[in-house]
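This report refers to the structure that appears directly beneath it.
Within every chain, numbering begins at 1; the chains are lettered A, B, ... in the order of the sequence lines, protein sequences first and strands thereafter.
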There are 2 protein chains.
Amino acid sequence: MRLSHYSSKNKMLVAVDCIIFGFDGSQLNLLLIQRGFEPEKGKWSLMGGFVQKEETIEDAAARVLKELTGLNDVYMEQLHAFSAIKRDPTERTISIVFSSLINIREYRRQMNDDYHAQWFPLTKLPVLIFDHKEMIGLALQKLRYKAAFHPIVFELLPEKFTLPQLQNLYELIYDQVLDKRNFSRKILSTGLLIKQKDKEKESSKRGAFYYKLDKRKYQAQFNSFLNFIPNPDNFRRP
Amino acid sequence: MRLSHYSSKNKMLVAVDCIIFGFDGSQLNLLLIQRGFEPEKGKWSLMGGFVQKEETIEDAAARVLKELTGLNDVYMEQLHAFSAIKRDPTERTISIVFSSLINIREYRRQMNDDYHAQWFPLTKLPVLIFDHKEMIGLALQKLRYKAAFHPIVFELLPEKFTLPQLQNLYELIYDQVLDKRNFSRKILSTGLLIKQKDKEKESSKRGAFYYKLDKRKYQAQFNSFLNFIPNPDNFRRP
DNA sequence: ACAAAAGTGTTTTCGGTACACCCATGC
DNA sequence: GCATGGGTGTACCGAAAACACTTTTGT
């Protein structure tokens, strides 16, 4: 019985990369940094780093994000592992990608200027290192897939938001125009939203009522399959 | 510029584990092997092995499956990466899990008795090593999720199959009884099935017509969202 | 003739979609 | 008073669900 170790000739580096989506009220954005070390130093990149021996990949993702952006307590979920042999030309590295939806405003305080992270609109991404563009494409695909059935987009919104804002967000995600009458009926029929007494008056004269998410129902109904998008078959590819 | 290498103190082993579902006409099964090396030698396990330096994780999964079962050309897809620090008590190992649906009969020829792989009904799994039970739970969850919208269950069936067989399979996957009239209407309305002239006469006196999958339409409509299960909210957990 | 499984049709209900007008307000 | 965006209702259609009887054939 050789319990002490396996053959170690195949040990390799494992990295995590973090894809953070944020919504600023009018655009869907991704958080990127300028890579701080060679190779490709200075080029734009996802937040990434190596998994340490004594941490899980989830811990590594949280740590890397904290170190590079100051963001704390962001819930990320696993997306996919990328393992092309030369994906990082320096050395064989497998990367496990995580992604997350956050509310830009809530986290803005945490992200002071010590960090060089920057938000880019999805439509105006810079050139990215390695296979990061492919990673983002997959993340967007999954976002579209998941948001069609689960009420996850609320993660991107502040606590109080208006129906026009919410609709705008769906329109951005699916890159298609939705009918506001049908949209509001469908959303409200879930019973997930609580209408507030006050209005948001910046973006229109009349003002739009705020809503809050009913968090209890949100938890309970998360697995109810919704169907916000008329024909999800028509997903446009990123 | 130090291009030659990163710090290597955090290199670790990366493994793949393969979850293979098979349907024998009346039961949903999983393919398992008796582990061939320490620790836990002789215990039941998923097909697993270490990723080599010069192969992708997808290649590793295919190789491992071939080595341990003789199965060739099985399409597997990534499920999840497991990274708990002590998941393999011998040494820190991250495992990336793949899963697949196969037609037992078609692959039976490939699986001769040189290999000790064995099919277990989902309802009668043995005790498994490490976190393999958790992996299987997740795979089953994903199968349920995906099969509710995509016509993937045909992967589990032989080329010719009957509607009662197909319905039985859905009932096993979701552990719920379906109405055969609604079921057949729904399935046939997809236009994915081609009725054959002959009947399967083993499981009933009258016999049930065989159908074949229209592979052209299957490709084309894979992303059409179907909805075979009345209320997917009622998914029972594994 | 009867048991056992295959096969088929109708009605109701509900959710999805298309579509157009009035409302509140700041300028 | 008018331009801007917010908010609401209705009619039609198709898919989902509930539901029961007839057919075939081996024994």
Side-chain angles (χ1 to χ4, degrees), chain A residues 25-26 147-149 151 157 160-172 174 176-211 221 224-235, chain B residues 25-26 147-149 151 157 160-172 174 176-211 221 224-235:
Chain A
S26 69
F149 301 109
L157 291 164
K160 286 177 6 177
F161 52 87
T162 68
L163 288 188
Q165 282 167 3
L166 182 60
Q167 178 172 348
N168 179 225
L169 179 49
Y170 274 101
E171 291 181 341
L172 285 169
Y174 294 100
Q176 74 183 231
V177 178
L178 304 174
D179 181 277
K180 66 178 171 180
R181 292 159 291 188
N182 295 334
F183 181 81
S184 92
R185 186 176 335 104
K186 223 186 267 191
I187 289 284
L188 294 176
S189 77
T190 62
L192 247 43
L193 299 194
I194 304 167
K195 191 171 188 169
Q196 304 302 113
K197 294 234 148 48
D198 51 338
K199 285 183 166 185
E200 188 277 333
K201 309 212 47 155
E202 306 228 324
S203 45
S204 77
K205 293 160 185 169
R206 180 176 176 180
F209 281 106
Y210 280 118
Y211 286 81
Q221 290 184 219
S224 299
F225 286 42
L226 307 169
N227 198 357
F228 290 125
I229 304 308
N231 186 357
D233 209 12
N234 295 336
F235 285 0
Chain B
S26 67
F149 301 108
L157 291 164
K160 287 179 3 180
F161 52 86
T162 67
L163 288 187
Q165 282 166 5
L166 182 59
Q167 178 172 346
N168 179 223
L169 178 49
Y170 274 102
E171 291 181 339
L172 284 169
Y174 294 101
Q176 75 183 226
V177 178
L178 303 175
D179 180 277
K180 66 178 172 179
R181 292 159 293 189
N182 293 335
F183 181 80
S184 89
R185 186 176 332 104
K186 222 187 268 192
I187 289 284
L188 295 175
S189 77
T190 63
L192 247 44
L193 299 194
I194 304 167
K195 190 171 186 168
Q196 305 301 113
K197 294 235 150 48
D198 51 339
K199 285 184 166 185
E200 189 277 332
K201 308 212 47 156
E202 306 226 326
S203 45
S204 76
K205 293 160 185 171
R206 182 176 176 179
F209 280 106
Y210 280 118
Y211 286 82
Q221 291 183 220
S224 300
F225 285 42
L226 308 169
N227 198 357
F228 289 125
I229 304 309
N231 186 357
D233 206 12
N234 295 337
F235 284 1

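Among the protein residues, B:S189 comes within range of no part of the nucleic acid, since none of its heavy atoms lies under 4.0 Å from any strand.
Spacing between atom NZ of B:K195 and atom C1' of C:dA6 amounts to 10 Å, rounded to whole angstrom units. With rounding to whole Å, B:K186 atom NZ is found 18 Å from C:dT8 atom P. The interatomic distance linking B:L178 (CG) with D:dA17 (P) rounds to 10 Å, in whole Å. As a whole-Å value, the separation of B:F183 CZ from C:dA5 P is 18 Å. Across the protein-nucleic acid pair, A:E200 atom CD and C:dG26 atom P stand 13 Å apart, rounded to whole Å. D:dT8 atom P lies 14 Å from atom CD1 of A:I187, rounded to whole Å. To the nearest angstrom, C1' of C:dA5 lies 15 Å from CD of B:E202. Rounded to an integer number of Å, the gap from B:Q196 CD to C:dG7 C1' is 17 Å.
The backbone N or O of B:A148 sits less than 3.5 Å from a side-chain atom of B:Y174, completing a donor-acceptor pair. Without hydrogens or angle criteria, B:E200 side chain to B:E202 main chain gives a donor-acceptor distance under 3.5 Å. Side chain of A:E171 to backbone of A:L178: a donor-acceptor contact under 3.5 angstrom is found.
How far CG of A:N168 is from CZ of A:F161: 13.5 Å, rounded to the nearest 0.5 Å. Taking CD1 of B:I187 as the start and NZ of B:K180 as the end, the distance is 15.5 Å to the nearest 0.5 Å.
Residues that satisfy the side chain to side chain contact (heavy atoms under 4.5 Å, CB included) test with B:K199, not counting sequence neighbours, are B:K201, B:R206, B:F209.
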Q | Sequence-aligned protein contact record of nucleotides 19-26 of chain D, with B where the base is within under 4.0 Å of a protein heavy atom and S where only the sugar-phosphate is | A | BB--BBBS
